[in-house]
Structure formats: C-alpha cells, structure tokens
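Side chains are part of it too, since the values below use all heavy atoms of this structure and drop only hydrogens, waters and symmetry mates.
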Amino acid sequence: MSPTLSTSLTLHEVDWSIVGPALIAGLLVLATHVPLGLQVLRKGIVFIDLAIAQIAGLGVIAADTLGWEPQGWAVQGAAVLAALAGAALLTWTEKRWPDIQEALIGALFVLASCVGILLLAGNPHGGEHLKDLLVGQILWVTPGQLWAVAGLSALVLAVWFGLGARLGRAGFYLLFALAVTASVQLVGVYLVFSSLIMPALAVRNAPPGRQLPLAWGAGALAYAGGLALSAMLDMPSGAVVVLMMALVCIALSGLVQKRLDTPGAAASLE
C-alpha cells in the first residue's frame, strides 16, 4: 500500500463533544421532517422541500449581502419571511394550477438558486457561503441554535399532530416553511431534502401504523452512523450523512418489501 493511500485511510477518534450536538441537530430535523415527508410523498410534491429550503437560503444570502450580522435575529427574520413568501406563492399556484404544481416548484427552486448565485457573485467568500448553504455546517451547531430549533420543532409537531388534516393547504405550506427555515440553517439544503424524502420512500410500503417509527429509526441510525464515520475518516459530514441515509433507507426498503413478500408476514406487520 502506498504511503499516500495509507494516510488517506487513517481513522481518527470520534470526538463526541462535537459529534453529539450535531447528532441532536439531526434528530431535531428528523422529528419534524419525517411526518412532513410522508405527507409530501402522498401529495406528490417531492421538490417542495428543495424549493422552500432554497428560498429560505436566499433570504439568508440577501441579509448577508446587506451586511447584517450572521446568525442574528435580522437574518433569521429574513429567512423566515422569504420561506413564508415562498409558501404563500406555492399555496396560490396549487390552487390556480394544481396540474402543474410539481413543475412550478422545480422552476421556483431553480430561480431562487440563480438569484442566490447572482447575489454572491461579487462576494469573495461567495463560494464558501454557497457550500455552507447546500452541505451545511452540522458539526458547528451551537447550543443556542439547538434550543431555538427544539422549541420550534415542538411547536410544529404540536400543530401537526393536533390539527392534522384541518390545517388545509395554506396551513400545511406555512408549517412546512417554518420547519424547513430552521433546518436548512442547521444542516444545509441537501440534508434537509434527504431527511424529508429518503425515510418516507423507505417506508412507503409499510403499514401506516409502522411508517413513522420505522422512518424515524432509519433516519436516526443514518445520522449517528454518518456523523461517526465522517469524524473517523475526517470527511465532510453533510455529504457522508446523505450517503449513509441513502444506504440505510435502501436497506430498510428492501427489508419491508421482503417482509411483505413473505407469506403471512404482511399481517404480522399490522
């Protein structure tokens, strides 16, 4: 084995003082995104998460362009207002053109991405800001961020499980926008989308009563394994967790399907 290859495979000790808060951040994201993701999959509007996350990120970029303090309340407000405006727009488009809603969501994502790139074009750190927005900086979350997101997650879950279908179209989009705005600043656009869609896809054929716990469990396993592996290999955490999420969810989907294909096993899953 060459010296270069040997060095690249060196395993590092996992520092749980850093990985622990990152794992809590991932679990908070999963808490709201798993039930929302199941609903998104049922409604057939998969790319809404990417669009709303990108719009919230656009609010952050715009605030940064104006010179506002990073992580300050003004920046948070800009992100929330941008996401709520996007949610309101999507509520209107679904009412006006329901047959092309998915295409409109995709177009909105592309437009928000391009505006963000243009705003960052003159920023010498624009590439770094864009990378942080997409991949996130989950290893550097602060206790203040965790407490704020924990409070918002509790509110979102209380409203979601308390009102359910009574939320209506507008209520769903607004609740979704609030959840995504907080999450995208913790873990980045890619992990937000993965947390929303991959667990939901993995359990889509499971009995309804088992879907939530199975999806939450798969997501938690992916975050724990991905964060530990990224720390051991000294590789970007967001990208490693996304890949781990895909592997765990593919395995879970296969297990669910195998169980359903086994004679008499489907009934035992109920």
Side-chain angles (χ1 to χ4, degrees), residues 1-34 37 47 49-54 56-58 60-61 64 70-71 75 79 109 112-113 116-117 119-120 123-146 149 180-199 201-202 218-251:
M1 182 179 292
S2 68
T4 302
L5 182 58
S6 177
T7 301
S8 66
L9 293 178
T10 298
L11 298 181
H12 301 269
E13 184 178 354
V14 178
D15 186 351
W16 287 102
S17 66
I18 296 177
V19 173
L23 178 57
I24 294 173
L27 295 178
L28 288 174
V29 171
L30 288 170
T32 54
H33 280 49
V34 166
F47 292 108
D49 189 45
L50 278 175
I52 295 294
Q54 192 65 49
L58 179 59
V60 174
I61 292 172
D64 181 75
Q71 304 301 329
V75 173
F109 165 73
S113 300
I117 290 172
L119 288 176
L120 290 172
N123 189 327
H125 303 291
E128 183 179 345
H129 287 322
L130 189 60
K131 177 186 174 184
D132 289 347
L133 175 64
L134 295 176
V135 184
Q137 290 286 345
I138 190 172
L139 287 181
W140 308 117
V141 295
T142 65
Q145 286 178 294
L146 292 178
V149 174
V180 169
T181 300
S183 300
V184 75
Q185 296 181 70
L186 274 185
V187 301
V189 173
Y190 293 159
L191 261 179
V192 165
F193 182 76
S194 300
S195 300
L196 184 90
I197 295 302
M198 290 185 184
L201 283 173
L221 179 60
Y223 268 98
L227 287 169
L229 185 61
S230 70
M232 292 170 63
L233 298 176
D234 193 23
M235 298 185 72
S237 297
V240 174
V241 175
V242 168
L243 294 177
M244 183 65 73
M245 185 82 72
L247 291 174
V248 170
C249 290
I250 288 171

On a heavy-atom basis, the closest approach of S194 and P199 is O-CD, 3.2 Å

Shortest non-hydrogen pair, I138 vs A25, comes out as CG1-CB, 4.4 Å

With a 4.5 Å limit on heavy-atom distance, are the side chains of L58 and L119 in contact?
-> yes

With the side chain counted from C-beta on, respond yes when H33 and V180 share a heavy-atom pair under 4.5 Å apart, and no when they do not.
-> yes

Is the backbone N or O of A51 less than 3.5 Å from a side-chain atom of Q54, with the two atoms forming a donor-acceptor pair by type?
-> no

When every non-hydrogen atom of P21 is compared with those of V141, the smallest separation belongs to O-CG2, 3.7 Å

For a quick test of your reading: what N or O donor-acceptor pairs under 3.5 Å do the side chains of residues 224-235 make, sequence neighbours left out?
residue, atom, partner, partner atom, Å
S230, OG, G226, O, 3.3
S230, OG, L227, O, 2.9
S230, OG, S237, OG, 3.0

Is the closest side-chain heavy-atom distance between Y223 and M245 below 4.5 Å?
-> yes

Drop me the distance from L28's CG to S195's OG, to the nearest 0.5 angstrom.
-> 11.0 Å

L243: what forms a side-chain contact (heavy atoms from CB on, under 4.5 Å) with it, not counting sequence neighbours?
-> none

How far does CG of L196 sit from CG of L30, to the nearest 0.5 angstrom?
-> 10.5 Å

Given side chains that start at C-beta, do those of V242 and L191 come closer than 4.5 Å, heavy atoms only?
-> yes

